[in-house]
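Note sheet for the following structure.
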Protein chains: 2
Amino acid sequence: MTSQLSVGVLMFIAARDVENRVIEAMRRAGVDDITVAQGRVAARIGPHGTRLSDLAEQAQVTKQTATALVDRLEAAGYVERVPDPRDGRARLVRFTAKGEAMLPVARAEEQQVEREWEQHLGARRMRDLRESLTLLREITDPYQEPADV
Amino acid sequence: MTSQLSVGVLMFIAARDVENRVIEAMRRAGVDDITVAQGRVAARIGPHGTRLSDLAEQAQVTKQTATALVDRLEAAGYVERVPDPRDGRARLVRFTAKGEAMLPVARAEEQQVEREWEQHLGARRMRDLRESLTLLREITDPYQEPADV
DNA sequence: ATGCTCTAGTTCGATAGTCTGACCAATATA
DNA sequence: TATATTGGTCAGACTATCGAACTAGAGCAT
């Protein structure tokens, strides 16, 4: 085992930790029927609903995968599909009241993780980390924000 | 869509990019039968072989998952299992010549990605990023290095 | 030395994730 | 109007992942 892991692996380890902790926190709060993959999609749903195709693009999975993941979230009662008034073909995926209720749990844990990271790294490093990651997103995220948000 | 993504999501996006790019580079080089999940395990195999249970622990998956992933890598000819001289129960998973041959491809792409990141961020930011990620690993990676490596 | 506990790796069964190909209907474009 | 593109779903197939269970080897206590 080389003592010097690549930045990609280090990044993966940290990201994995956050995801697992958020899922765990939700389990402890009684939301135990959401998987990591479902959570990745759910986390992309905007406040007024988001198209399935947009979710797929954000999560960088195929439409079919997004369909399947949303199917499960819908079956579990966290999201619903409603027609998109701007396009007769499209549907908006939005949170149900049940879904809205779980969001604060996830958000709180994310913030808890970030506080612990900041405690470990120091405020300056944490700030720099966020800035660097935000910059990196410019070249690592294929997703392009819809023009009319 | 909130304009401020959590650090966890930003981290995930960057890590995903690296993984996808490495897999793509290997595809272009003719290694088109390794999946991302298999690559995650393969990347943990040490120079003299690594125990399956160690791989599982590093990758934070169950032994069964690691077994299945190694099964596939073995079937594809990239790794082999040999007895571990230090423990009659254990096997070491090590690269075959075919597996050894693919490593430089993955490494080269990882380094190419890092160069591009450094170009985008600047040398200082990149150095800080690596340092912060290394520090974060202390609190985000449950894996403990074996005492006798 | 013996008995018990723990561990390495495998098998089985089941579920979730993921993709390609295909399809239909709505929308956009020439 | 005809054609191309797009949104979402279905079908089929493969991969990833986990819990449960099991066997054999190793570790530990007596």
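From a predicted model like this one, the values you see are computed outputs, not experimental measurements.
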**Request:** Applying salt bridge (Lys or Arg N to Asp or Glu O under 4.0 Å), run through A/D128 and B/R124 and close with a yes or a no.
**Result:** CA-CA 10 Å; A/D128 284 353; B/R124 206 212 89 233; 3.4 Å; yes
Inspect the contact between [Y] and [X] and indicate whether a charged nitrogen and a carboxylate oxygen are less than 4.0 angstrom apart.
X	Y	answer
A/R40	A/E19	yes
B/D141	A/R16	yes
A/D71	A/R81	yes

N/O (side chain, [X]) to phosphate O (OP1/OP2, [N]) under 4.0 Å:
X	N	value
B/Q38	D/dA16	yes
B/R91	C/dT10	yes
A/T65	C/dC19	yes
B/R72	D/dA16	yes
A/T67	D/dT9	yes
B/S53	C/dG9	yes
B/R81	C/dT10	yes

**Asked** Taking for each residue the nucleotide of DNA chain C bearing the nearest heavy atom, is the 5' side occupied by A/T35 or by A/R89?
**Response** A/T35
Can you measure [X] atom [atom1] to [N] atom [atom2] for me and round it to whole angstrom units?
X	N	atom1	atom2	value
A/L52	D/dG8	CG	P	5 Å
A/Q60	C/dG17	CD	C1'	16 Å
A/R40	C/dT18	CZ	C1'	12 Å
B/K63	D/dC22	NZ	P	14 Å
B/E19	C/dG17	CD	C1'	15 Å
B/R86	C/dA8	CZ	P	12 Å
A/E74	D/dG8	CD	C1'	13 Å
A/D84	D/dG8	CG	P	8 Å

**Asked** Taking the side chain of B/Q64 as its heavy atoms from C-beta onward, which of D/dT5, C/dC19, C/dT11 lies nearest to it?
**Response**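 Given the options D/dT5, C/dC19, C/dT11, the side chain of B/Q64 is closest to C/dT11.
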**Listed nucleotide nearest any side-chain atom of B/D87, set C/dG9, D/dA26, D/dG7** =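 Among the listed nucleotides, the one closest to the side chain of B/D87 is D/dA26.
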**Prompt:** When all nucleic acid strands are considered with a 4.0 Å heavy-atom cut-off, which category describes B/D71: base, sugar-phosphate, or nothing?
**Reply:**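 Counting heavy atoms under 4.0 Å across all strands, no contact is made by B/D71.
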**Prompt:** Base, sugar-phosphate, or nothing: which does A/A37 touch, judged by heavy atoms less than 4.0 Å apart?
**Reply:** sugar-phosphate
**Asked** Is B/Q119 atom CD crowded by more than 12 heavy atoms from other residues, nucleotides or ligands, each under 6.0 Å away?
**Response**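 Atom CD in B/Q119 is not packed in, count stays at 12 or less.
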